[in-house]
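Data block below; observations after.
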Amino acid sequence: QVQLVESGGGLVQPGGSLRLSCAASGFTMNRHSIGWFRQAPGKEREGASCIGGDDGTTYYADSVKGRFTISRDNAKNTLYLQMNSLKPEDTAVYFCVIGPPFINTATWSNPRVYNYWGQGTQVTVSS
């Protein structure tokens, strides 16, 4: 049974940092695309960052490039999202997702591509 458990969210001031973790079980992480989506109040879910399962290519939304870094520890079957220079517009619920082995620049940010979603962790950026 596939399980995704996110942690690491919280309240942080603008300019601060957080690291999200996603502990995965029931599948082999490096054989699947895996990543993070987020949903702010009143907005649709959007892809923040993902890693392709076949070649490990990383993808980032333009809004987070240069500030967020995605990584995975295959031995621990854990995914991370290091978030630096956080802005109030980063406030959202962040979801860990897994999908097929192959994604590309055209598909990675489509939420329908991903089969499994975690429960989400709240990130609030506010002074």
*Treat each ILVMFWY residue as a node, draw an edge where side-chain heavy atoms are under 4.5 Å apart, and state whether Tyr60 and Ile103 are in one component.*
no

_For Ala24, is there any backbone N or O sitting under 3.5 Å from a side-chain donor or acceptor partner on Asn77?_
yes

*Are Phe37 and Trp117 an aromatic pair by the rule of ring centers under 6.0 Å?*
yes

*Step through the shown structure and confirm whether more than 12 heavy atoms of other residues, nucleotides or ligands are within 6.0 Å of CD on Glu89.*
yes

*May I ask you to decide if Ser85's main-chain N or O and Arg67's side chain share a donor-acceptor pair within less than 3.5 Å?*
yes

*asked:* Check whether Thr91 reaches the backbone of Val125 with its side chain - one donor and one acceptor, N or O, closer than 3.5 Å.
replied: yes

*Determine whether more than 12 heavy atoms belonging to other residues, nucleotides or ligands lie under 6.0 Å from atom CD of Gln119.*
no

*Counting only heavy atoms not in Tyr80, do more than 12 fall under 6.0 Å of its OH?*
yes

*Polar side-chain atom of Ser33 near backbone of Pro100 as donor-acceptor pair, under 3.5 Å*: yes

_Distance-minimising heavy-atom pair for Ile70 and Thr58_ = CG2-CG2, 3.8 Å

*Can you tell me how far the CD atom of Glu46 sits from the CD atom of Gln39, to the nearest 0.5 Å?*
9.5 Å

_Minimum-distance pair of heavy atoms, taken over all atoms of Pro14 and Ser127_ = CD-N, 3.7 Å

*asked:* Is there a continuous path of hydrophobic side-chain contacts, each under 4.5 Å between heavy atoms, that joins Phe95 to Phe68?
replied: no

*What's the spacing between Phe27 CZ and Asn115 CG if we round to 0.5 Å?*
10.0 Å

*asked:* Is there a path of hydrophobic side-chain contacts, each under 4.5 Å between heavy atoms, that joins Val64 and Ile51?
replied: yes

*Roughly how far apart are Thr78 OG1 and Arg72 CZ, rounded to 0.5 Å?*
12.0 Å

_Main chain of Cys96, side chain of Glu6: is a donor-acceptor contact present, judged purely on distance under 3.5 Å?_
yes

*Could you grab the distance from atom CG of Asn104 to atom OG of Ser109, nearest 0.5 Å is fine?*
9.5 Å

*asked:* To the closest 0.5 Å, what do you measure between OG1 (Thr69) and CE (Met83)?
replied: 11.0 Å

*Determine, step by step, whether Asp62 and Lys65 satisfy the salt bridge (Lys or Arg N to Asp or Glu O under 4.0 Å) criterion, reporting the C-alpha distance in whole Å, the side-chain angles of both residues, the deciding distance to 0.1 Å, and the verdict.*
CA-CA 5 Å; Asp62 288 342; Lys65 276 181 185 176; 3.3 Å; yes

*asked:* Would you compute the distance between atom CG of Asp90 and atom OG of Ser126 and round it to the nearest 0.5 angstrom?
replied: 12.5 Å

*Is a side-chain N or O of His32 found less than 3.5 angstrom from the main chain of Pro101, in a donor-acceptor match?*
no

*Within one Ile-Leu-Val-Met-Phe-Trp-Tyr cluster: Val12 and Trp36, side-chain cutoff 4.5 Å*: yes

*Flag yes if Val123 and Val97 sit in one hydrophobic cluster, no otherwise; membership is Ile, Leu, Val, Met, Phe, Trp, Tyr, and two members link when side-chain heavy atoms are under 4.5 Å apart.*
no

